[in-house]
Structures are given as C-alpha cells and as structure tokens.
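The structure under discussion appears below in the form of structure tokens.
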Amino acid sequence: MIAFPEKEEPVHIDRRAFLATLGSAAVVEAMSSEARADALEHYMIAQLDKPAGAPAQTLVVRRGAGALFGGPSPSGQRPELTALATMPERPTLTDFIRFRSTPGIGTHILQSANDALKKGEPEETVLACLLHDFVLNLIKTDHGWWGAQMMEPYVSEKVSWAIRHHQALRFYPDSSVGYEYPELYVRIFGKDYVPAPYIKASYESARKHKWYMDARMITVHDLYAFEPGMKVAIDPFVDIIGRHFKQPKEGLGFDGSPVAHMWRTLMYPDNPL
Ligand SMILES: [Fe+2]
Ligand SMILES: [Fe+2]
C-alpha cells in the first residue's frame with residue numbers, strides 16, 4: 001500500500017494543496033489506495049512541470065477568506081456564489097443567519113445548536129453553539145477570536161469566552177466528555193500536526209478557567225454537526241436568541257458598536273471599498 005507522504009519527500013509535496021485537488025474529505029476517504037497513489041503521481045508530475053517557486057495550486061482567493069466571499073472549505077471546495085437577499089433595514093441576528101450564512105456554515109451551526117438543545121444543555125450553551133462558527137462567513141483565520149469579538153457586545157461574557165476558546169480546545173481531547181481528536185483534522189491538518197504555541201497557550205489557560213466546560217461543550221456538539229442532508233430550521237432557537245442575544249434596536253451594523261463594521265461587511269460583501 002502506498003500512503004500519503006508524511007515527512008521528507010524527494011519532491012516537495014504541499015499536502016493540503018494535494019488533498020484539495022482531490023475534492024471533499026468524503027471523496028478522499030472513498031478512494032482506494034491505488035487511486036490515491038495514482039492521483040499523487042499525477043500531482044507530482046504536474047508539480048515538475050511548474051516553474052520553480054510557483055504555488056502548488058493557483059489561488060483565486062486566499063484560504064482564510066470567509067465563505068460568503070468565496071473562500072474555500074478546509075477540503076478546498078468553494079461555495080457557489082449566488083445573489084444575496086437584500087437585508088431588512090434593521091437586521092437581526094436571525095436575518096444574518098438566514099440571509100448571510102452560506103449553506104455549509106448555516107447548516108453546521110444549526111445542527112450543532114440542535115444537538116445541544118436535544119441533549120438538554122443550558123440555553124447559553126445552545127446559543128454559543130449556534131454562534132460558534134458564524135464568523136467563518138466573514139473570515140476563517142483565527143475564527144475563535146474573530147467570532148468572539150463579533151458577538152461580544154451582544155452576549156454574556158461567558159458565551160463570548162466560550163466561542164473564543166473553542167478554536168484551541170478542538171485540538172485537545174477530553175475523555176471526561178468523550179471528546180477525541182477529530183479524524184477530520186487528521187485529513188485537514190495532517191497526521192503530525194502540532195498546534196502553534198499561541199493555540200497551546202490558549203488551551204492551557206482555558207483548561208484552568210471556570211468556564212472551561214462552556215467552551216469544551218462547543219467542541220463536543222461540533223462533532224455531531226456534520227450530518228449531510230440534515231436540515232435544521234432556525235425557529236426553535238428564536239426564543240433563546242431573544243432571551244440571550246441583546247439585539248440592538250438600530251439593527252446589527254448600525255448600532256455604533258466597535259464591531260458594527262463586521263456585520264456591515266457581511267451585509268455589503270460586494271462593496272468595492
Ligand atoms: Fe470552529
Ligand atoms: Fe464548528
């Protein structure tokens with residue numbers, strides 16, 4: 001059996017770029033070893049044809065770009081860019097989830113909140129699950145920090161803290177709640193991936209924090225939020241949002257808060273400047 005390259009190769013292989021050429025994680029998983037080996041060979045040949053220093057894959061948009069802006073999924077797939085609905089004059093969180101979440105991210109956050117609700121979690125945990133990855137529509141890099149900041153003026157300190165720290169916690173198992181390192185991350189980040197020192201530091205400080213479990217449970221429900229074809233409506237969460245999300249009366253984006261521009265950027269993603 002020929003495995004994917006893990007370490008030194010005679011020809012440098014950009015593992016992520018190579019996997020991205022194959023398609024989704026499910027497609028890669030379904031491939032036989034021989035098919036993978038063939039694909040790898042074709043990929044390596046294509047690399048030899050490229051001038052030295054050329055990127056392994058022609059990028060149309062950088063990987064960290066948010067999904068609403070055409071940023072690729074971790075497996076390299078791009079969302080289809082469709083016409084966007086006009087937002088109401090004073091848009092609410094529900095409007096943003098309905099009209100400014102790409103289908104992939106919208107489904108994921110709703111499934112994760114649904115899992116938390118079904119398992120009897122406190123309402124703030126359900127809300128944290130609903131909000132945890134919404135910012136991926138805007139930006140992907142350091143999404144825990146960006147996501148927490150975006151929600152901070154409107155939720156309790158505990159909810160934004162939990163959103164910030166789920167980014168680091170997802171790399172570290174916790175058997176007390178049945179959280180294992182996700183198989184998906186082995187495919188996305190590679191088998192020998194070691195989180196950056198700032199991620200490790202964030203995890204270590206979170207581990208000792210009184211709200212550790214609030215962030216941890218986001219990572220737990222996250223595991224149950226990748227069900228293909230399972231649609232979850234936003235309706236069961238409307239009352240929870242009403243009780244725990246301080247909706248500004250001027251509308252998100254127009255309330256003069258320090259993060260209003262983040263919401264406006266999602267509202268007007270096609271503005272040139
Ligand atoms: Fe996340
Ligand atoms: Fe997630």
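In this chain, residues are counted from 1 in sequence order. Note: hydrogens, waters and symmetry copies are ignored here, and every other heavy atom, side chains too, is used. Note that the structure is a prediction, hence the values are computed from the model and not measured. Counting starts at 1 for both ligands and their atoms, in listed order.
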Parallel, tilted or perpendicular: ring planes of Tyr198 versus Trp145, cut at 30 and 60 degrees:
tilted
For Lys208, is there an ion pair with Glu204 - N to carboxylate O distance below 4.0 angstrom?
no
Name whichever N, O or S atom of Asp133 ends up nearest to the Fe ion (ligand 1).
OD1
For the Fe ion (ligand 2), does an N/O/S atom of His108 lie at less than 2.8 Å?
yes
Do NZ/NE/NH1/NH2 and the carboxylate oxygens of Arg90 and Glu250 come within less than 4.0 Å?
no
Closer than 2.8 Å to the Fe ion (ligand 1): does that hold for any N, O or S atom in Asp222?
no
At the Fe ion (ligand 1), what angle lies between atom NE2 of His143 and atom NE2 of His166, rounded to 10 degrees?
90°
Could you check whether atom NZ of Lys200 has more than 12 heavy atoms from other residues, nucleotides or ligands sitting under 6.0 Å from it?
no
Between His132 and the Fe ion (ligand 1), is there a contact where an N/O/S atom of the residue lies under 2.8 Å from the metal?
no
Do you see a donor-acceptor pair shorter than 3.5 Å between the side chains of Thr92 and Asp95?
yes
